[in-house]
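Remarks on the structure that follows.
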Amino acid sequence: MPHALFNEPAETVARTLIGAELEVDGVGGVIVETEAYDISDPASHSFGGPTRRNAAMFGATGCAYVYRIYGLHWCFNVVCDAGQPGSAVLVRALEPRTGLERMHERRGLLPTASLCSGPGKLCEALGIDGSLNGRPLDQAPFALRLHAQPPELVQGVRIGITKGAETPWRFGLKGSRFLSRPFPAMAATA
DNA sequence: GTTCCGATGTACT
DNA sequence: GTACATCGGAACG
């Protein structure tokens, strides 16, 4: 994986990752929804500077930042930088493509569209947990392949936050049925 | 379709 | 003590 790809602002990486294929131990699919966070952003974990939890956000570019949310779910981020430590992209949803049986074992016999349609669901389906925090995405168990052609994007405000709620740093694959939630009908094409 | 709730780790007042 | 980048299930319409 080209390291330079992640040496960009979080918003750029968030756009670039839509349409990329992510696998963990051969289980995964196409990323269809992301959100950008950076250190200037009050919604970001990195906003107040490094802590034990967010250390990976200030670590090497192109690594995973995995954290626990609400005490029970995991969320998966890609650490980026561009000279501004504390930047990352939350992967919120993907379209399942490989390892569907493993996903069903972990998540139950759900419709395919419900397996990875949210940050916590995606982590459960792919088997992502805190043990992968800080691990490089260009090495096993991770595999990440970029899209050949840039897909059409939609853009909107991020989900589940109160601070920085107006910042339109949520991106989706246009027309995807695998999003965590729909983008508003008037969502701008990014 | 909607709202409400409980599960509970980590950061913070 | 409160807030939080969530989810699934219950209750309701």
Side-chain angles (χ1 to χ4, degrees), chain A residues 6 9-18 22 24 31-59 63-81 84-96 103-134 137 153-173 176-185 187 190:
Chain A
F6 302 112
E11 183 187 353
T12 303
V13 176
R15 293 170 181 271
T16 304
L17 284 175
I18 299 295
L22 171 70
V24 180
I31 295 173
V32 297
E33 184 180 339
T34 59
E35 287 179 359
Y37 292 87
D38 75 22
I39 195 167
S40 69
D41 166 16
S44 174
H45 288 175
S46 60
F47 184 63
T51 64
R52 172 131 94 264
R53 175 177 64 165
N54 70 18
M57 282 187 86
F58 294 91
C63 289
Y65 167 45
V66 182
Y67 68 91
R68 225 190 238 290
I69 179 105
Y70 295 106
L72 38 148
H73 305 293
W74 297 100
C75 286
F76 169 77
N77 293 251
V78 176
V79 176
C80 41
D81 195 318
Q84 188 185 220
S87 304
V89 173
L90 172 68
V91 179
R92 289 191 53 90
L94 61 77
E95 173 178 342
M103 293 191 195
H104 283 128
E105 286 169 17
R106 291 164 173 155
R107 296 261 309 128
L109 290 174
L110 298 167
T112 307
S114 304
L115 285 174
C116 300
S117 55
K121 300 177 184 180
L122 175 161
C123 283
E124 185 176 32
L126 302 208
I128 295 172
D129 64 20
S131 70
L132 296 178
N133 186 38
L137 297 176
L153 306 187
V154 287
Q155 180 172 8
V157 296
R158 296 171 295 180
I159 291 178
I161 57 172
T162 53
K163 289 167 283 195
E166 341 70 42
T167 307
W169 275 3
R170 177 183 179 221
F171 300 93
L173 179 64
S176 175
R177 315 161 18 228
F178 300 92
L179 302 170
S180 67
R181 288 169 34 182
F183 282 72

Practice problem: Please say which of A:Ile31, A:Leu115, A:Val32, A:Thr112 ends up in a side-chain contact (heavy atoms from CB on, under 4.5 Å) with A:Glu95. | Solution: A:Val32
Self-check item: Base-pairing assignment for B:dT8 (Watson-Crick or G-U wobble, both under 3.5 Å)
Solution: none
Self-check item: P gap between C:dA5 and B:dT13, integer Å
Solution: 15 Å
Self-check item: A:Asn133 CG - B:dT10 P separation (whole Å)
Solution: 11 Å
Quiz prompt | Any residue of residues 40-55 of chain A with a heavy atom less than 4.0 Å from an atom of DNA chain C | solution = A:Ala43, A:His45
Quiz item: Say you pick atom P in B:dC5 and the same atom in C:dT2; how far apart are they, in whole Å?
Solution: 15 Å
Self-check item: Reference residue A:Glu35; test salt bridge (Lys or Arg N to Asp or Glu O under 4.0 Å); the match among A:Arg92, A:Arg158, A:Arg15, A:Arg181
Solution: A:Arg92
Quiz item: Is the shortest heavy-atom distance from the side chain of A:His73 to the side chain of A:Cys123 under 4.5 Å?
Solution: no
Quiz item: Taking all atoms of both residues into account, what is the closest heavy-atom pair of A:Leu109 and A:His104, and its distance?
Solution: CA-CD2, 4.0 Å
Quiz item: Atom CZ of A:Arg107 and atom C1' of C:dT6: how far apart are they, to the nearest Å?
Solution: 11 Å
Quiz item: What does A:Ser180 touch in the nucleic acid at a heavy-atom separation under 4.0 angstrom: a base, only the sugar-phosphate, or nothing?
Solution: nothing
Self-check item: pair A:Ile39-A:Phe47: side-chain heavy atoms closer than 4.5 Å
Solution: no
Exercise. Find the distance A:Ile39:CD1 to C:dA5:P and express it as a whole number of Å.
Key: 16 Å
Exercise. For DNA chain C, find the residues of residues 66-74 of chain A with a heavy-atom distance under 4.0 Å and give them by number; none if there aren't any.
Key: A:Tyr67, A:Ile69, A:Tyr70, A:His73
Practice problem: Would you mind reporting whether A:Leu17 and A:Phe6 have side-chain heavy atoms less than 4.5 Å apart? | Solution: yes
Quiz item: For A:Ser114 and A:Ala88, take the nucleotide of DNA chain C holding the closest heavy atom to each; which residue's nucleotide lies nearer the 5' end?
Solution: A:Ala88
Quiz item: Rounded to the nearest Å, what distance is computed from the CG atom of residue A:Leu122 to the P atom of nucleotide C:dG8?
Solution: 12 Å
Quiz item: With a 4.5 Å heavy-atom cut-off, do A:Ser180 and A:Arg170 have their side chains touching?
Solution: yes
Exercise. Measure from CZ on A:Arg92 to P on C:dA5 and round the result to the nearest Å.
Key: 11 Å
Quiz item: Are OP1 or OP2 of C:dA5 and a side-chain N or O of A:Arg170 less than 4.0 angstrom apart?
Solution: no
Quiz item: Between A:Lys163 (NZ) and C:dC4 (C1'), how many Å, whole number?
Solution: 8 Å
Self-check item: Non-hydrogen side-chain atoms of A:Phe76 and A:Leu132 separated by less than 4.5 Å
Solution: no
Practice problem: May I ask you to test the A:Tyr65-A:Asn54 pair for a side-chain heavy-atom distance under 4.5 Å? | Solution: yes
